[in-house]
Number of protein chains: 2
Amino acid sequence: MSAVNIQVWAVDALGALAHETRLAVFRMLVTAGPDGMIAGTIAEQAKVPPSTMSHHLATLERAGLIQAERESRLIHYRADYEGMSKLLTFLMKDCCQGAPDMCADIFTNLTCNG
Amino acid sequence: MSAVNIQVWAVDALGALAHETRLAVFRMLVTAGPDGMIAGTIAEQAKVPPSTMSHHLATLERAGLIQAERESRLIHYRADYEGMSKLLTFLMKDCCQGAPDMCADIFTNLTCNG
DNA sequence: TTCATAATTCGATATTTCTGGAATTATAAA
DNA sequence: TTTATAATTCCAGAAATATCGAATTATGAA
């Protein structure tokens, strides 16, 4: 996941998020924090059949945006903060180069309390 | 573009970027700065036929990530910094809520000179 | 073992997206 | 008006994604 061209990976990660259900799930897991959520609960909350959700979760996991961990019969999914961070960093790098003004604007608007 | 649910728009914007050629074009335009680039040049640089590129440019424009402006026979495309900023802000909002630690990390790593 | 539960993988269809040559539109020069 | 250039839109086939019931795997309890 790290030897390959980062842009190729970014396309994958963006594609994983470019879906109504998957984006909702990802946001759900990010706000759920480190404990994450159980597969079944995720499917239920998103109102999607388990088998469909399983595909979506696999897509997000392959893209390095979430992580799975089995605990007996349940599987916990949690956001992969490193992947998330990597994607955001990648997206921002170029603006900084090409349009530092706007980059500054973004930083101004983005505080954890705003 | 602003009355509709922002998550719906985000899915669209992410989808627009989730393509090797389109992501490359978008980055090209971001680094090109406010002058932007001409459609033909973009197609040439990306090694893609004009008609194919036209579709991709339209996709990015519909998603609010780039803007087009005709100047006689040429059409200039430039990055839409507002759209970009909106997308990044949207993606970050949740992490701040769910994982302020990581959010802080991202901010630390992201400076226009790093 | 046998049964029950949680989740995934299989398989087959439906839908969406991608691609690029041909035709068309927009603009300007001869 | 005629010709040329830049770009888009049309169209149709190819490729990739999405969906979800049924079958399967993994785990634990009776």
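Below, all heavy atoms of this structure are taken into account, side chains as well, without hydrogens, waters or symmetry copies. Order of the sequence lines sets the chain letters (A, B, ...), proteins ahead of strands, with each chain counted from 1.
A distance of 12.5 Å separates CG of Leu14(B) from NE2 of His19(A), quoted to the nearest 0.5 Å. With rounding to the nearest 0.5 Å, the separation of CD in Glu20(B) from CG in Asp12(A) is 10.5 Å. Here the CG atom belonging to Leu88(B) is positioned 9.0 Å from the CG atom belonging to Leu87(A), to the nearest 0.5 angstrom. Between the CZ atom in Phe26(A) and the OG1 atom in Thr31(A) there is a gap of 10.0 Å [rounded to 0.5 Å].
Remark: the backbone N or O of Met37(A) is not paired with any side-chain donor or acceptor of Thr41(A) at under 3.5 angstrom. Checked by atom type and distance alone, the side chain of Ser85(A) never pairs as donor or acceptor with a backbone atom of Tyr81(A) at under 3.5 Å.
Looking only at side-chain heavy atoms (C-beta outward), Leu65(B) and Leu29(B) stay at 4.5 Å or farther from each other. A 4.5 Å side-chain heavy-atom check between Met28(A) and Gln45(A) finds at least one atom pair inside the cut-off.
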Could you go through residues 46-59 of chain A and list every donor-acceptor pair under 3.5 Å that involves a side-chain atom there, pairing it with any protein atom two or more places apart or in another chain?
unit_1	atom_1	unit_2	atom_2	d
His56(A)	ND1	Arg22(A)	NH1	3.2
Thr59(A)	OG1	His55(A)	O	3.0
Thr59(A)	OG1	Arg62(A)	NH2	3.4

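Applying side chain to side chain contact (heavy atoms under 4.5 Å, CB included) to Tyr77(B) and the options Ile66(B), Ile38(B), Val25(B) leaves one that passes, Ile66(B).
Remark: Glu44(B) CD is loosely packed, at most 12 non-hydrogen atoms of other residues, nucleotides or ligands lying under 6.0 Å away.
The stretch residues 36-43 of chain A comes close to DNA chain C through Ile38(A), Ala39(A), Gly40(A), each having a heavy atom under 4.0 Å from the strand.
If one axis is set at each end of the helix from dT1(C)-dA30(D) to dA30(C)-dT1(D) from five pairs, those axes are 10° apart, to 10°.
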Checklist outcome for this item: Scoring nucleotides 14-23 of chain C by protein non-hydrogen atoms under 4.0 Å (B base, S sugar-phosphate only, - none) yields ----SBBBB-
Checklist entry - Which is it for Ile6(B) and Lys86(B) under the side chain to side chain contact (heavy atoms under 4.5 Å, CB included) test, yes or no, and what are the steps along the way? => result CA-CA 9 Å; Ile6(B) 186 162; Lys86(B) 200 166 131 193; 4.2 Å; yes
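The 5' end of DNA chain D is approached more closely, in terms of each residue's nearest nucleotide, by Met53(B) than by the other of Met53(B) and Arg70(A).
For Tyr77(A), a side-chain nitrogen or oxygen approaches OP1 or OP2 of dT8(C) to under 4.0 Å.
Arg78(A) meets the side chain to side chain donor-acceptor pair (under 3.5 Å) test with Glu69(A); sequence neighbours excluded.
Ser54(B) comes within contact range of at least one nucleobase, with a heavy-atom separation under 4.0 Å.
Contacts between chain B and DNA chain D, taken as any atom within less than 4.0 angstrom of a protein heavy atom, begin and end at dA4(D) to dC10(D).
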